[in-house]
Asker: 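Below you'll find the structure I mean.
Residues: numbered from 1 along the sequence shown. Numbering of ligands and ligand atoms starts at 1, following listing order.
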Amino acid sequence: MRMYDIIQKKRDGGELTKEEISFFVKGYTNGEIPDYQASALMMAIYFNKMNYNETLELTMEMAKSGDNMDLSGIEGVKVDKHSTGGVGDKTTLVVAPLVAAAGAPVAKMSGRGLGHTGGTIDKLEAFDGFNVGMSMEKFTSSVNGIGIAISAQTGNLAPADKKLYALRDVTATVENISLIAGSIMSKKLASGADAIVLDVKSGSGAFMKDDKGAFELAQEMVSIGLGAGRDMVALITDMDQPLGKAVGNSLEVIEAIDTLNGNGPKDLEDICLHLGAHMLLLSKKVGTIDEGLQRLRGVMESGEGIEKLKELVKNQGGDPSYVDDTSKFKKADIVKEVLSEQEGYVYSIKTDEIGRASLVLGAGRENKESEIDLSVGLIVEKKRGDYVRKGDVLAVVHSSSAEKFEEASRIIRAAYSLSEVRPADEKLIKGIVD
Ligand code: URA
């Protein structure tokens, strides 16, 4: 088999066979196929697309290219949850303890990620002493013992995807639904869960900027998961404004704690309850979504959810007293308000720009080597539909320097569009694909 023939076939609109896809993925991962041939194939796929069979084969090959987590030592149906990412998305910190407290095993591998804030793993490191690296034995015994463990992904999870994603990033071939779906799902399949709940974000703060694209991506990922023998559901959720109010690592952990205590922002609580109810349904702990919602509200009100977070933190070496006393989280030197210079209803918020403000403050990584500052970020005080007067607080910025505060506040002010007309309410959950 020759790589040249595979590129030519896709260039001319042909369908690649299982053997051809396997030859490509293996050869590219072990270095026998050079970047220039892989780039040519990615561009041919970008223009000529892949059908369902090709997408599934590519995903399965990438999933097989490195470690595959064996969760068989964990009792019960293992359900994972994955979000395609957005601004203020701290759902895992709320959903994971709630679902574990409701009786379903939560065996979660999370990433750090590039972007406007760190990933779940970075956020958990805001608890003094929290250990995100766990042996498989400790991971398994923790889930069997206390019902929950959250660990950093191993470095060798789907290495074929790691290499290909880096290549796509510099060859303008990221934006193809099959390639995105395959990339995300290869890592999820290798993580070993029996069932997966996807939160596919749609809007200006998300990877998919409109509902059409988000639904297409959701459909593709659900089909791949089903084809690989996993139970699947995807919720398409609003990311045209930040989720909740907090953006930044420690700030998001504090907001997650407030939410588990029943004092969180309504939008965050709603999405968490729905994602959690779908996890309980797939893990067969409840028979309907309504029953799942009721169960989760119950564990929230009884305090079992917040207790589960404390157990998780303690079990992984962190200081659980931070949960009761959030003033223990490291604070930024400067905490200052950004005031509105205009008046009107918040018509829209360029959510990606709010993410950029957070990045400028140092809450996220620009590249893999960047250090993140867990204490900085912002609290969004005005959301879509709120009325704003001149001098009202749009956001409160937590910054390490006056210069960064100035730059972030300029970006935040420019991200808001005010209008005399109140915008129509948007649905928080736009649809479900299963
Ligand atoms: N996230 C991924 O992991 N892969 C993509 O291709 C896009 C987003």
Side-chain angles (χ1 to χ4, degrees), residues 21 24-25 28-29 35 38-39 41-47 49-50 54-67 80-87 89 91-92 108-122 152-191 193 196-210 213-225 228 232 234 236-237 239 351-352 355 364-368:
I21 290 171
F24 162 65
V25 173
Y28 185 55
T29 312
D35 278 347
S39 312
L41 182 63
M42 289 302 108
M43 194 56 89
I45 291 174
Y46 179 87
F47 281 116
K49 314 218 164 18
M50 286 191 296
E54 292 173 294
T55 307
L56 181 60
E57 288 308 334
L58 177 70
T59 311
M60 299 296 274
E61 277 299 327
M62 293 198 298
K64 280 194 308 201
S65 67
D67 295 344
D80 198 356
K81 168 229 163 242
H82 179 80
S83 159
T84 56
V87 179
D89 183 357
T91 49
T92 296
K108 180 110 189 79
M109 308 263 173
S110 276
R112 292 190 184 273
L114 299 176
H116 45 270
T117 66
T120 302
I121 287 300
D122 298 295
Q153 282 167 359
T154 76
N156 196 35
L157 199 79
D161 170 64
K162 195 181 261 178
K163 208 170 163 192
L164 258 188
Y165 190 21
L167 183 81
R168 287 164 54 219
D169 208 22
V170 292
T171 54
T173 50
V174 168
E175 293 90 351
N176 169 282
I177 295 278
S178 303
L179 291 175
I180 297 172
S183 165
I184 296 173
M185 287 304 294
S186 66
K187 289 168 282 210
K188 289 288 109 188
L189 297 181
S191 296
I196 302 164
V197 176
L198 298 168
D199 180 4
V200 181
K201 305 279 184 199
S202 167
S204 61
F207 206 74
M208 305 313 285
K209 301 292 177 205
D210 60 35
F215 271 90
E216 259 181 73
L217 179 61
Q219 189 67 64
E220 191 92 7
M221 288 196 288
V222 166
S223 306
I224 293 171
M232 297 293 302
I236 291 83
T237 66
M239 192 28 76
T351 311
D352 45 354
R365 291 188 180 83
E366 298 212 41
N367 57 53
K368 276 188 276 184

Asker: Using a 4.0 Å cut-off on heavy atoms, what residues surround ligand 1? Order them by chain and number.
Answerer: Tyr165, Arg168, Ile180, Ser183, Ile184, Lys187, Phe207
Asker: Is there a donor-acceptor contact under 3.5 Å from the side chain of Asp89 to the main chain of Thr91?
Answerer: yes
Asker: Test of understanding: with salt bridge (charged side-chain N to carboxylate O under 4.0 Å, His left out), list the residues that count as partners of Asp199, not counting sequence neighbours.
Answerer: Lys201
Asker: Looking at every heavy atom in both Ala63 and Leu189, which two are closest together, and how far apart are they?
Answerer: CB-CB, 4.1 Å
Asker: So which heavy atom on Ser186 is nearest to which on Met62, and how close?
Answerer: CB-CB, 3.7 Å
Asker: State which residue, out of Ile180, Thr59, Ile184, Ile177, fulfils the side-chain contact (heavy atoms from CB on, under 4.5 Å) condition with Glu220.
Answerer: Ile177
Asker: Would you call Asp122 and Arg365 a salt bridge, taking side-chain N to carboxylate O under 4.0 Å as the test?
Answerer: yes
